[in-house]
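Here is the structure we will look at, set down as structure tokens.
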Amino acid sequence: MNDDEFPDSRAPGARRTSGARSRSGRRSGETPLPGGGTAVQAKDAALRLLTDRARSRAELEQRLAAKGFTDEIITSVLDRLTEIKLVDDRDFAHQWVRSRHTYSGRGKQALRTELRTKGIDPVLATEALDTIEPEDERERARELVVKKLRAPALLSALNEDIEDPRERRAQRDKVVRKLVSMLARRGFAQGMAFDVVRTELEALGNDSEGLEY
């Protein structure tokens, strides 16, 4: 995006400068504003942040404020970036949910918290979270459990030859608690997590008698 696509920080009628920069790094003709910089500098800083990854408006506001830009400059810059769709909280929320659910194995509860910390409006957050179908969330939880059950330590605990039924169930329950806790930490509802774990243990031939949520 070039500077012609962005609101000019000069007063109406002011002549366009050649764009040369001073030793301080400012374009000639730019006057630093109280708080850390001009609109052009704030725009450049915002674009650099967006080059790294997509960001919410609240994230950009915080980062620009930390650089010392005034509220007036920050609002003007982000309003313009929003107009041209370089800042779009709805699109950000959808991308975040899709990526974190698919690649990081996050459940809806964790994703809602993450979106809140990013400053996403609750309505937009709910809209993005609703794109995750219940069966898709359950399948993601199942994949995580299956992966954990491949670990030698868990397999050994489940297959350990224990004659006393009470001790064998206690060992099984310990594994169940570990797996359910893992899913809960990732933001999956505890009831669904328990049901997924029980189903996968049964699929491996483990007794689920007396196993209660």
Side-chain angles (χ1 to χ4, degrees), residues 49-60 85 87-213:
L49 290 168
L50 290 170
T51 298
D52 295 336
R53 65 168 175 82
R55 297 177 189 270
S56 67
R57 179 170 180 134
E59 284 184 285
L60 291 171
K85 299 298 183 182
V87 176
D88 186 333
D89 277 2
R90 172 177 280 105
D91 185 61
F92 172 85
H94 281 257
Q95 286 186 43
W96 185 269
V97 166
R98 182 168 57 251
S99 175
R100 296 285 286 169
H101 179 65
T102 302
Y103 300 110
S104 299
R106 292 293 187 268
K108 282 188 175 183
Q109 294 177 357
L111 291 170
R112 188 179 299 278
T113 298
E114 291 177 356
L115 290 175
R116 184 166 59 247
T117 64
K118 299 295 181 184
I120 298 299
D121 182 273
V123 173
L124 295 181
T126 297
E127 178 185 304
L129 291 167
D130 284 347
T131 63
I132 301 177
E133 298 292 339
E135 55 270 25
D136 293 335
E137 186 175 27
R138 183 185 176 91
E139 175 59 20
R140 192 68 185 94
R142 190 193 72 81
E143 291 171 353
L144 292 168
V145 169
V146 169
K147 182 178 180 180
K148 283 291 185 181
L149 285 173
R150 294 194 187 111
L154 283 183
L155 284 176
S156 175
L158 287 172
N159 295 326
E160 188 174 350
D161 187 15
I162 302 175
E163 293 185 4
D164 188 329
R166 290 176 298 179
E167 291 185 16
R168 188 164 55 249
R169 288 173 184 171
Q171 184 77 327
R172 175 205 61 189
D173 292 350
K174 183 178 179 180
V175 172
V176 169
R177 286 193 298 271
K178 180 175 292 189
L179 291 171
V180 171
S181 295
M182 178 272 294
L183 291 178
R185 287 193 302 272
R186 288 175 173 269
F188 292 91
Q190 196 162 4
M192 182 190 71
F194 179 83
D195 190 53
V196 167
V197 170
R198 179 178 59 190
T199 299
E200 292 309 308
L201 289 182
E202 289 175 345
L204 290 175
N206 289 275
D207 179 22
S208 63
E209 183 180 350
L211 194 60
E212 296 180 357
Y213 167 56

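None of the values given here were measured: they were computed from a predicted structure.
Under a 3.5 Å cut-off, the side chain of R186 and the backbone N or O of S104 do form a donor-acceptor pair. A donor-acceptor contact shorter than 3.5 Å is absent between the side chain of S99 and the backbone of Q95. Remark: side-chain polar atoms of T117 are paired, donor with acceptor, to backbone N or O of E114 under 3.5 angstrom.
To the nearest 0.5 Å, atoms NZ (K108) and CG (L115) are separated by 12.0 Å. Separation of atoms CZ (R106) and CZ (R185) is listed at 10.5 Å; rounding is to 0.5 Å. Interatomic distance, R172 CZ to R177 CZ, rounded to the nearest 0.5 Å: 10.5 Å. The CZ atom of R100 sits 7.5 Å away from atom CG of L111, with the distance rounded to the nearest 0.5 Å. For the atom pair CG (L201) and CG (D173), the distance works out to 10.0 Å, reported to the nearest 0.5 Å. Between the CZ atom of R90 and the OG atom of S56 there is a distance of 14.5 Å, given to the nearest 0.5 Å.
Across all their heavy atoms, R112 and T126 have their closest contact at NH1-OG1, 3.3 Å. Considering every non-hydrogen atom in both F92 and I120, the closest pair reads CD2-CD1, 3.6 Å. The shortest heavy-atom contact between F188 and G105 is CE1-O, 3.3 Å. Between A58 and G119, the shortest heavy-atom distance links the atoms CB-CA, 3.8 Å.
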task: Evaluate side chain to side chain contact (heavy atoms under 4.5 Å, CB included) for V87 paired with L50, printing each intermediate quantity in order.
output: CA-CA 9 Å; V87 176; L50 290 170; 4.2 Å; yes
| said: Evaluate T199 against R138 for side chain to side chain contact (heavy atoms under 4.5 Å, CB included), listing each step before the verdict. | reply: CA-CA 11 Å; T199 299; R138 183 185 176 91; 3.7 Å; yes
inquiry  = Does T131 form a side chain to side chain contact (heavy atoms under 4.5 Å, CB included) with R98? I'd like the steps, not just the answer.
reply    = CA-CA 8 Å; T131 63; R98 182 168 57 251; over 6 Å; no
Requested in this report: Report the C-alpha distance between V196 and L179 in whole Å, list the side-chain angles of each, state the deciding distance to 0.1 Å, and finish with yes or no for side chain to side chain contact (heavy atoms under 4.5 Å, CB included).
Outcome: CA-CA 10 Å; V196 167; L179 291 171; over 6 Å; no
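Side chains of E127 and H94: a donor on one and an acceptor on the other come within 3.5 Å.
Heavy atoms of other residues, nucleotides or ligands lying less than 6.0 angstrom from NZ of K148 number 12 at most.
Between R142 and E139, at least one side-chain N (NZ, or NE/NH1/NH2) sits under 4.0 Å from a carboxylate O, which counts as a salt bridge. A salt bridge between R53 and E59 is present, with a side-chain N of the basic residue lying under 4.0 Å from a carboxylate O of the acidic one. We find that R140 and E143 are joined by a salt bridge, their nearest charged nitrogen and carboxylate oxygen being less than 4.0 Å apart.
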